[in-house]
Amino acid sequence: MDFLNELNEAQREAVLSVNGPNMIIAGAGSGKTRVITYRLAFIIQQGLADPFELLALTFTNKAAREMRERISKIAGLEAKNIWMGTFHSVFSRILRQEAEKLGYTREFTIYDTDDALSSIKEILRGQNIDDKSFKPKNILNLISNAKNYLIDAEEFESKYVVDTKTEIAARVYKIYTEKCFKANAMDFDDLLIKPIELFTQYPDILHKYQHRFKYIMVDEYQDTNYAQYLITRKLAAVHENICVVGDDAQSIYSFRGATIQNILNFKSDYPDVKVHKLEQNYRSTSNIVHAANSVIAHNEHQLEKRVFTDNETGDKIQLIITENENEEARKVVDSIREQKQVHSFLNRDFAILYRTNMQSRTFEDQLRKAGIAYRIYGGLSFYRRKEIKDMLAYMRLAINPKDDEALKRVINYPVRGIGNTTVNHMIAKAGDLKISFWEVLEQFQKMGFSTQAQKAIAGFVDAIKAFGTEAIREDAHDAASFIAKNSGMLKELHSDESAEGVSRWQNVQELLNALREFTENPENKEPYLHSFMSEIALFTDQDDTDKADSDVVSMMTLHSAKGLEYNSVYIVGVEEGLFPGAMSMNTREDMEEERRLFYVGITRAMKQLTLSYARTRNKFGQFSVNEPSRFIREIKAEFISSPHTNAEGSLLREIQKMNMPMRRPGTRDATPAQTEAFIGDDLSNLATGNRVEHGKFGLGKVLMLEGEGDERKATIAFDAKGEKLLVLKYAKLKIME
DNA sequence: CGCCGGGGGTTCGGA
DNA sequence: ACCCCCGGCG
C-alpha cells in the first residue's frame, strides 16, 4: 500500500472509506483522479471485489481511458476487467446483451444527434408542419429533456402540453419513438432510459446486475441528469457501496439536463452518506486559486468548501485590453511569444479559451501568421465529416438495414438514379404502414415506379444485402474495403481532383486504416464489422491522440477545457454580452452557471493567467461596443496586475478609463496591457547589418531577411538574448543605425 | 439532378 | 460574417 503515502489526509480518508455510500466533493486541481484510481486499486488489492464486480462511470471516453491506464499501473493488468467507461458505453454494452427483451436485436444502431434531427424533420414534413415556425432542434430538445426525466410520449401528451409547440412536440415524440423502434435504433437518451425500462420490466435482470456490481463509482456527478441518477441508484440498491465524485462549482452542463439536484438527492437517499472534501489545490499558484475563490464567492448556491493551496504565490493575473477583436488576437499572440521567451514555455504550455466557437478565427489567423503551431479542439471531428458519415452509413446498413437514417443518407449517394420524388414516396409509404424504409424498398416491385427507378432500387438492395453477407463472412477491414469499393464511394471521391476532394478520399483511407488496426488488434476477440460499429457511435473526437503530445498551442471553448490544465491560460473575450453571454442574463441560475464556467476557466491555469477583452467587436456582422465583463470586477483586485487597484469596487470604472487612448508615440504605455509599451519604427527599409533595438531583447544585429509582405521575417542576433527569428509585422524594432 | 443565390439564424455540446 | 437549407432554374 505504498501509494497511500502519496496522499494527504482528506484524500486518504476518501480512498480508504470504501464501504457504504460516499460522496467526494473535489475542488479544482485537488487530485480527484488520483483518489478515484487509488480507491479502485485499493478495493482490488484488498480483495474486497473482483475487478469484474467494479463499475466506474465517467463522462468522456478520454477520462475513462486515462483512469484505466492509471489503475493498470497500480493494480496491474487485472484492472482491465473493471466495468469502466462512459454511462453510454457501459449501458449500450448491457443493452446489446439484453436487446431481445426489449424487442430490439443486438445489432441495433445508435442514432447520433444528426440522425435524430433528420428523423424529426422527416416527421414534421409528414405532418405538414412548417419547420420554420417549429424548429426541429427545438422539438428535439423538448423530447430529449422529457426523456432525461423519464417522461414517455404518453405522459408528455397528458401532462406537459401547454401550447402549440408542446402539442406538436407530443405528436412528434410519439411518432419518433415508433420510428426509432422500427429502425432498430436507439438515440443517446435511449441508452440511458432503456436500461431503466429493462430493469423495471425484468426484475431478475436488475438483480443480476445489482449483485454483480459490488462497488460503484461515478465521476463528474454534478453533470449527471435524472436518468443517470436513477440508474445508479437502482444498481446500488443491494450493496449500497456507491461513491460519487464531483464539484458543484464546476457544474456547467445544466443546459443539457445535468442537475445539481442529484447531489442533494444523494444525501437524502443515503442519510448515512460519508462526505469527503478535497480542498487542497495542487495545480495552480496561490494567486490563481485565490482569484478563482473570489469569483465563485459571488454565487449564492454552492456547497460549503474552502479551496486552498500551499503553492507559491506566482504572478498576478494579466489583463489585455484592446480596441477590437483583431487587436485582441494580435496582442494575445504577442503575449504568448513573450511568455515563451521569459518563462521558457513551449507551445504546448498554452491554451486560449473562449466562450463561443466563432471567436477562434481571429486567433487562428494570428497564430498562423506568427508561425506558431496550434490545434483547435472540438471543431468538426473526424467522425462528423460528410464522407466519413457516408461510409459509416453504408457500414451501418450492412449491420442493420432497417437503419432509416443511414438509408436516407446514401440511397442516392453516389448518384444512382433514385430521385427525391421516389424517395419521398417511399418514406411516406413507410410512415403510413409503420414499417422501416428498408422494408418498403424490399417490396418496391408492387408499388409501380418507373422501371428505371425500379432497376436502380433493385441494384441498391442487392448491394446492401451483399455488404451484409460480407460483414458476416469477412473481418471488419475486408468488409469495409469491400463496401468502400462496391458502394461506388471510392470512385466518386477519387474523381474529384480538387484539394478538398483529395482530402475527402484520404479521410476514407484513414477510416479504413482505423479498421485495419481494429481488425489486427489481438485484444478484439471478434474482429468483425458489427463489433467495430457497436463502439464507433460512442466514440468521438479527442480520441485522435496523434497530435496529443505534439507541441501546439491549444484552442478550445471553456466548456471543452474542463479537466485539462496548462501552464499559461488565456481567457479571451471577457466582455458583457459575450461572457457572460447575452442569453444568460435573465435568471440567477443561468448567471451562476456562467460564473462557474469562468471559474472552470481560471482553474485550468497552473502558472500564468491572462484575461483579454475587446472594447468593440463585430458580432454577426454587426459592430458592437462592449463593457468589460462583470467577472473581471469580481476578481479581488489584489490578484490582478493593474495599477488601478485603489478603491474597492471601482475597478470596473477604472478599467473603462484605461480604455481611453492615453498613449503618446514614443512613450511607455500607461496601461498594464503589455507588449504595446515599445513603439517600433517603420521596418520597410530594414536591411541586413542594421543595428536594432527590441523592447524585450535589447540591442541586436540583423543577420538575415526572408519572406515577403506579412510573412517577412528577420533573424536577429541580440547582444544579450541570442539569435531570434522575428516576424517583422509584429516585431517592434527601433532601427539604430 | 445539381448548382446557385437568397434568407434566416446564430451559446455552450458528451455520447 | 458565415453556414445551412430550400427553391428555382438549366
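Proteins come first, then strands; the chains are lettered A, B, ... in the order of their sequence lines, and each starts at number 1.
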Legend entry - Any donor-acceptor N/O pair under 3.5 Å between B:dA15 base and A:T113 side chain: yes

Legend entry - Among A:T177, A:D190, A:D189, side-chain hydrogen bond (donor to acceptor under 3.5 Å, both in side chains) partner for A:K147: A:D190

Inset, instruction - May I ask you to say what A:K562 touches in the nucleic acid, namely base, sugar-phosphate or nothing, with a heavy-atom cut-off under 4.0 Å? - result: nothing

Legend entry - cation_pi(A:R375, A:Y377) dist<6.0 Å, angle<=45: yes

Legend entry - Which residues share a side-chain hydrogen bond (donor to acceptor under 3.5 Å, both in side chains) with A:R68, sequence neighbours left out: none

Legend entry - Residue met sooner reading DNA chain B from 5', once A:H559 and A:S89 are mapped to nucleotides: A:H559

Legend entry - Interface limits on DNA chain C, where chain A has a heavy atom under 4.0 Å of a nucleotide atom: C:dA1 to C:dC6

Inset, instruction - Quick one: list whatever passes side-chain contact (heavy atoms from CB on, under 4.5 Å) with A:T58, sequence neighbours left out. - result: A:A63, A:A64, A:M67, A:T86, A:D219

Legend entry - A:R588 bridged to A:E592 by N-O distance under 4.0 Å: yes

Inset, instruction - With C1' as the reference atom in both, quote the distance from B:dC12 to C:dC5 in angstrom, rounded to an integer. - result: 23 Å

Legend entry - Nearest-nucleotide pick for A:K135, side chain only, options being B:dG9, B:dG13, B:dA15: B:dG9

Legend entry - Qualifying residue, where the test is salt bridge (charged side-chain N to carboxylate O under 4.0 Å, His left out) with A:D115 and the options are A:R409, A:R396, A:K121: A:R396

Legend entry - NZ/A:K402: more than 12 non-hydrogen atoms of other groups inside 6.0 Å: no

Inset, instruction - Name all residues meeting the salt bridge (Lys or Arg N to Asp or Glu O under 4.0 Å) criterion together with A:E575; count only those two or more places apart in sequence or in a different chain, and write none if there are none. - result: A:R617

Legend entry - Sugar-phosphate only, base, or nothing, as touched by A:S92 at under 4.0 Å among non-hydrogen atoms: nothing

Inset, instruction - Classify every nucleotide of nucleotides 1-6 of chain B by which part a protein heavy atom approaches to under 4.0 Å, writing B for the base, S for the sugar-phosphate alone and - for neither, in 5'-to-3' order. - result: SS----

Legend entry - Phosphate-side-chain proximity, A:T557 and B:dT11, N/O vs OP1/OP2 below 4.0 Å: no

Inset, instruction - Would you mind telling me which of B:dT11, B:dG13, B:dG14 lies closest to the side-chain atoms of A:Q228? - result: B:dG14

Legend entry - Residues forming a side-chain hydrogen bond (donor to acceptor under 3.5 Å, both in side chains) with A:E589, sequence neighbours excluded: none

